Amino acid sequence: MNLRPLLLAAAVVLAVNGQRYEAAGVDPSTTLLEFLRTSTPVRGPKLGCGEGGCGACVVLVSKYNPATDEVTEFSASSCLTLLHSVDRCSVTTSEGIGNTRDGYHPVQQRLAGFHASQCGFCTPGMCMSIFSALTKADKAAGRPEPPMGFSKITTSEAERAVSGNLCRCTGYRPIVDACKSFAADVDLEDLGLNCFWNKGNEPADGSKLPGYNSGAVCTFPEFLKSEIKSSLEQANCAPVAVCDNGWYHPKSIEELHRLFDSDWYDENTVKIVASNTGSGVYKDQDLHEKYIDIKGIPELSVMNRSSKGIELGSVVSISKAIEVLSDGDLVFKKIADHLNKVASPFIQNTATIGGNIMMAQRLPFASDIATVLLAAGSTVTIQVVSERFSLTLEEFLQQPPCDSRTLLLSIFVPQWGSDDITFETFRAAPRPFGNAVSYVNSAFLARTSSGSLIQDICLAFGAYGVDHAIRARKVEDFLKGKSVNSSVILEAIRLLKDTVSPSEGTTHPEYRISLAISFLFSFLFSLANSTNAPSIDTPNGSYTNGNTNGSAVCSPTEHRNSDSNDLPISSRQEMIFSDEYKPVGKPIKKAGAELQASGEAVYVDDIPAPKDCLYGAFIYSTHPHARVKGINFKSSLASQKVITVITAKDIPSGGENVGSSFLMLGDEALFADPVAEFAGQNIGVVIAETQRYAYMAAKQVVVEYSTENIQPPILTIQDAIQRKSYIPIPPFLAAKPVGDYNQGMSQADQKILSAEVKLESQYYFYMETQVALAIPDEDNCITIHSSSQMPELTQNLVARCLGIPFHNVRVISRRVGGGFGGKAMKATHIACACAIAAFKLRCPVKMYLDRKTDMIMAGGRHPVEVKYSVGFKSDGKITALHLDLGINAGIAPDVSPMMPGAIIGALKKYNWGALEFDAKVCKTNLSSKSAMRAPGDVQGSFIAEAIIEHVASALALDTNTIRKKNLHDFESLALFYGESAGEASTYSLVSIFDKLALSPDYQHRAAMVERFNNSSKWKKRGISCVPGTYEVTLRPTPGKVSIMNDGSIVVEVGGIEIGQGLWTKVKQMTAYGLGQLCLDGGECLLDKVRVIQADTLSMIQGGFTAGSTTSETSCAAVQQSCAALVERLKPIKESLEAKAGTVEWSALIAQASMASVNLSAHAYWTPDPSFTNYLNYGAAISEVEVDVLTGATTILRSDLTYDCGQSLNPAVDLGQIEGSFVQGVGFFTNEDYATNSDGMVIHDGTWTYKIPTVDTIPKQFNVEMFNSARDQKRVLSSKASGEPPLVLAASVHCAMREAIRAARKEFSVCTGPANSAVTFQMDVPATMPIVKELCGLDVVERYLEGASAADPNTAKA
């Protein structure tokens, strides 16, 4: 067939931040993100996940309609958007709205000023999500004009603006405050700590906020409008526009079919796209030669509204569909509400309704849209070749999977009106606002008459482990013609159990069935005659209730309508500022925060690629224990991109196969050679011309394995104990028992023997995945840019790998996009692999791991299993505790030998009387586990709470009574902790705990919780107060302060800026240390200080950034350096003052320079040998609400009190407290680190692994920073803040246990080994399925059976 008349060879033309770019000959599979980062100066959009699930890559896309002369803007995920699809569009990135040269945008300034950026990697994406939300709100018609400096956005919209953006550092609260500061309806007094007004001491003043002007940024330049207008005629002449490199965009269905009929069309190499968001779910497994973009076919974009219903073309975006449906009757509005919970805003803006339906038809895709439209009686129009068919959506979903030539034209949703129609939709997912796949979704439509008589009904269910959404026909037939009462609902549920049958291999099948039952029960309840139905008036504790058989009942309908997830987020911060060491102690904003917000801050992947740079991607084992016999590649397009493969055989002569090593505890191999010892182990590195080609080429690898003469893998703690596979614990790391256990047990009135508790792993989920750039240099030298918490160790290991002296290796780490321990031992593997490849190929090599590979290889937190036996008096005083501790270390020692000491150390927060333990560090065929924020301590602290709660349950006493009785006095604290206990005056835990747990407010809230639980059957609340003790270690640290001739100051420290504010505190300490040379005590020096990147050849003995104390020890080293400089400069200052009176800083330095004074001072700070460790204290109250029907948990409120000592920077420490607490919440609740039977991580992306989001943090989040007694042994009496608060997140888990206990008592659920409603094992994490299982999977049936038995003829639901 001759395609010449269909051809229009053209480059992609687009504007990026107002600049014109023309891309000719670009691979059609190139994403917008790849183009921006490799072909423009833009670095703001980041690759965080490649799935559209994290928001790091969000940009604003603007399109121009020359017919109407209108510009429409929307946020989009640039990692999924294909470059060719934004031809003739304008793209705005974070640099485009504000930057260093042109000035920062108010969004950037407010994010910085509200202390809402820590590592900063997610901040540009946050900026663009907020900017997009402001732009959308300000264009909305019918809204009143906002006050000057504000936007038309509402506070509730502002809270949701970043609902799809992930942040692992801040805990979201300050980001929400920055968002809400733009809302015209905001109460400024509700906003948290900021740099704009002195919160608490002066009134909030909107005029002090950086003023916002809605039209200030031009999103579509005039030159592009002109080009579009002038090219209209040419475009109209060309039936099909196609770039000469494989991008087709037909303008009609006929043209599309001509393309289908062409001799080159092959569905394996040609991809049909509208928005390409589907590739975020089902990843491309190979490159595609050609793309057909169907978005330009007008017929597919129709939106027709008539009296019969609404027709939506298949390429209409989800957000556009929401807009159309929202302006309709009850059914349409409910559909729109549900669609709002599908995906995040920047995916909704581009993903199409038709694409979602087609994925649901062809693949086992858990579509909410298909389920909801199915219940609404929707029909679809499809075209196969030249024939058109209209089918019900149900018929379409039931057909065999469509081939690629089947075209979905439109979806029609009929008009139902509102008379006698009831329509409800349901979903249960880990995140209330969406951006999470449902465990089950459902939608129900019923026509009733005479009250609750069902005339017609449609019941649709999906996502429960089925190929596509289905209608429960048997249940529908049973219900038609019946009036709803409890016995009818019970029979309907029994029939439903036969219908909803999850396929084999579906996770949590019983939970999913129970969800389907809960949803149907809630709906049918709403249909029942509810004249006696009880109601909940408000979600905050004022209730009116009806009673059935003497038991308070809350209607599940009211239960849904009083959704605690809709509560606004509020907060309170209490702290005391000190001027004693100013500017140390002031809450100044984070150094470089605006730079991070604008996207100009340079991370490793932002460094411009050197000439001839190649890219690598790991090939990893999929077998847990097997000999690697060979590496081959499939025959594919991506395989043709392979340049070479680097393996252990490429390690230079004299080099070692070592990927990591720590404190002489043992090495871990870099490459499997010849045996792969765990699923996920590096086998080699595939090298290609671009990072995307390397990713794709790695997917083509076929590894040949042999298990001949290889032992079966050891995967669990139990396997390891059985086969005695242990990693030894050196004596110097072994924890010491306390007291005589047998004697303690003999004193006990009661005992609990051999109870268990288990904690699973947790993935770091730093926003920036592991990355390194290796650049070979002269004379066998090499420079490595590494995102590392341990540059010094990285240098040592690279040198060992290459067999060269340490001084030949230079490792540079400027800033790290999140670490949490994961950029310590794990980062060295990537640096070593890059170095070997660069050394071998004699050219630069960069590796930036894709999220899946990173998650599979990272290792994460140590899983722990504990058996405990505890003896206690009848008043709750514990006399003895024995622990059998099993720790899953994975394949290599890493830091695992230190874990028992950390676990026991945190457990010692209570006085156990006598404490003994048997700790086993188990060597298994899994990726080695490593230090993750609060390593060991979070597990130990939780184990302590589990034991305390078990004792309280056994004695039927209040848990806080048991906690209080077993907190240390100073004498027992010193016995358990030795010298780390410090002075008695610094032991603040008892007063902190009493302040929270004994307060009238807590007593009132506990009473309100009890009252709520007595009044509410289907939602239960719990409240808990948990103390925490955390031991930290001070380590030697270097620091260097140099004063330039112009008076500006440059500082180097061993610590790395990973978002924890280290540079900020160091800047403050430098200004303070040199302040005695200044008239104002050093505040004038703050802007003169620059902290520069860590460089292992410039700053030796840098050590590692970990353990929460690196900021303070770096400050101590800087303080020593400053003292040396002050000593040198003081005589000159005094001499000048004698002549001229006051002396300006610049004059002093000029004179010192002329006098040849050494203006650089280096110090190596070492801690006092008698004070190398100290204890941190805190406590937290958390109150939660558990949905008994779904297992969903809402954290209503958390109050943290944390002893910060004399904070070096209260704003930085507040961010650390909130951020670590929320990371702990993820560990205890939603972060499900799942592996397959080979130990391979299968929750390996944003689709399956759910870290906290803005909708899962506490609705009210209060922090008090407690200033404890001064201790001059600490750095200016400060204390650590990075990790200790994480252990307090156990308060959420404990509160959940209280809520679950109330549910079990309500429904007499006695599952578990104890066969008790009040005593049950609740492991970590307590995900929705676990919570529901503990509440009772059959509570609905229990309730209905009881109601039916009471009066089978008249009992209403």
Side-chain angles (χ1 to χ4, degrees), residues 8-28 30-46 57-105 107-108 124-125 127-129 131-132 134-136 138-139 213-235 241 243 245 247 249 275-276 293 295-296 346 349-350 598-600:
L8 174 68
V12 176
V13 174
L14 71 160
V16 177
N17 298 331
Q19 296 296 310
R20 186 181 189 278
Y21 286 89
E22 191 168 315
V26 178
D27 183 327
T30 302
T31 63
L32 174 59
L33 179 64
E34 184 182 5
F35 174 78
L36 291 173
R37 293 186 59 80
T38 59
S39 302
T40 79
V42 164
R43 294 293 179 271
K46 313 288 188 199
C57 68
V58 170
V59 297
L60 188 80
V61 177
S62 306
K63 294 191 172 182
Y64 176 62
N65 184 340
T68 61
D69 195 32
E70 285 181 337
V71 173
T72 53
E73 298 106 340
F74 54 90
S75 58
S77 188
S78 62
C79 73
L80 298 177
T81 303
L82 293 167
L83 174 64
H84 286 74
S85 70
V86 291
D87 186 27
R88 303 305 193 274
C89 293
S90 176
V91 175
T92 307
T93 73
S94 51
E95 297 100 325
I97 65 169
N99 54 65
T100 317
R101 287 190 178 182
D102 304 325
Y104 294 111
H105 189 273
V107 169
Q108 296 161 340
C127 267
M128 295 316 296
S129 283
F131 180 76
S132 168
L134 296 177
T135 303
K136 181 180 177 183
D138 289 329
K139 282 199 167 185
N213 176 358
S214 65
V217 177
C218 172
T219 57
F220 207 99
E222 289 300 322
F223 74 79
L224 195 54
K225 289 182 182 178
S226 303
E227 279 193 44
I228 290 168
K229 287 173 184 172
S230 63
S231 65
L232 264 182
E233 286 182 23
Q234 187 184 356
C243 286
N245 49 10
W247 185 270
H249 38 111
S275 68
N276 199 48
D293 179 3
K295 209 150 192 180
F346 48 82
N349 291 336
T350 53
S598 69
E600 296 168 286

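Note that the structure is predicted; figures quoted are calculated from it, not measured.
- Without hydrogens or angle criteria, Arg101 side chain to Gly98 main chain gives no donor-acceptor distance under 3.5 Å.
- In this structure the side chain of Phe74 reaches within 4.5 angstrom of the side chain of Lys63, judged on heavy atoms.
- Judged by distance alone, the side chains of Thr219 and Glu73 do bring a donor and an acceptor atom under 3.5 Å apart.
- Listed by first and then second residue, the salt bridge (charged side-chain N to carboxylate O under 4.0 Å, His left out) pairs involving residues 10-19 amount to none (not counting sequence neighbours).
- Within the 4.5 Å cutoff, the side chain of Val91 has no heavy atoms near those of the Tyr21 side chain.
- Two residues are said to be in side-chain contact when any heavy atoms from C-beta on lie closer than 4.5 Å; Thr81 and Val61 fail this criterion.
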Legend entry - Test log, rule side chain to side chain contact (heavy atoms under 4.5 Å, CB included), inputs Phe35 and Leu14: CA-CA 11 Å; Phe35 174 78; Leu14 71 160; 3.9 Å; yes
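- For the pair Lys225 and Val71, the minimum side-chain heavy-atom distance is below 4.5 Å.
- With a 4.5 Å cut-off on side-chain heavy atoms, Asn17 and Thr92 count as touching.
- A 4.5 Å side-chain heavy-atom check between Ser598 and Arg43 finds every atom pair outside the cut-off.
- Between Leu82 and Trp247, the closest side-chain pair of non-hydrogen atoms falls below 4.5 Å.
- A distance of 9.5 Å separates CD of Glu22 from CG of Asp87, quoted to the nearest 0.5 Å.
- The two residues Arg88 and Ser231 come nearest to each other via the heavy atoms NE-OG, 4.5 Å.
- Taking 4.5 Å as the limit, some side-chain heavy atom of Val26 sits within range of a side-chain heavy atom of Leu83.
- Closest approach of Met128 to Thr93, counting heavy atoms only: SD-C, 3.5 Å.
- In terms of heavy atoms, Phe131 sits closest to Leu60 at CE2-CD2, 3.7 Å.
- Between the Ser39 side chain and the Leu36 main chain, no donor and acceptor come within less than 3.5 Å of each other.
- The backbone N or O of Glu70 sits nowhere less than 3.5 Å from a side-chain atom of Asn65 that would complete a donor-acceptor pair.
- With rounding to the nearest 0.5 angstrom, the OG atom of Ser94 is 12.0 Å from the NE2 atom of His105.
- For the pair Ser78 (side chain) and Leu32 (backbone), a donor-acceptor distance under 3.5 Å is absent.
- Contact detail for Pro66 and Lys229: the closest heavy-atom pair is CB-CG, 4.2 Å.
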Legend entry - Test side chain to side chain contact (heavy atoms under 4.5 Å, CB included) applied to His84 and Asp293, step by step: CA-CA 9 Å; His84 286 74; Asp293 179 3; over 6 Å; no
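- Contact between Lys295 and Ser275 at its shortest, heavy atoms only, is NZ-CB, 4.2 Å.
- When all heavy atoms of Phe346 and Ser129 are compared, the pair lying nearest together is CD2-OG, 4.0 Å.
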Legend entry - Audit row: Cys127, Val107, side chain to side chain contact (heavy atoms under 4.5 Å, CB included) steps and yes/no: CA-CA 6 Å; Cys127 267; Val107 169; 3.9 Å; yes
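- A distance-only check finds no donor-acceptor pair linking the side chain of Arg20 to the backbone of Val13 [under 3.5 Å].
- In this pair, Phe220 and Tyr64 present their aromatic rings tilted. The plane angle is within the 30 to 60° band.
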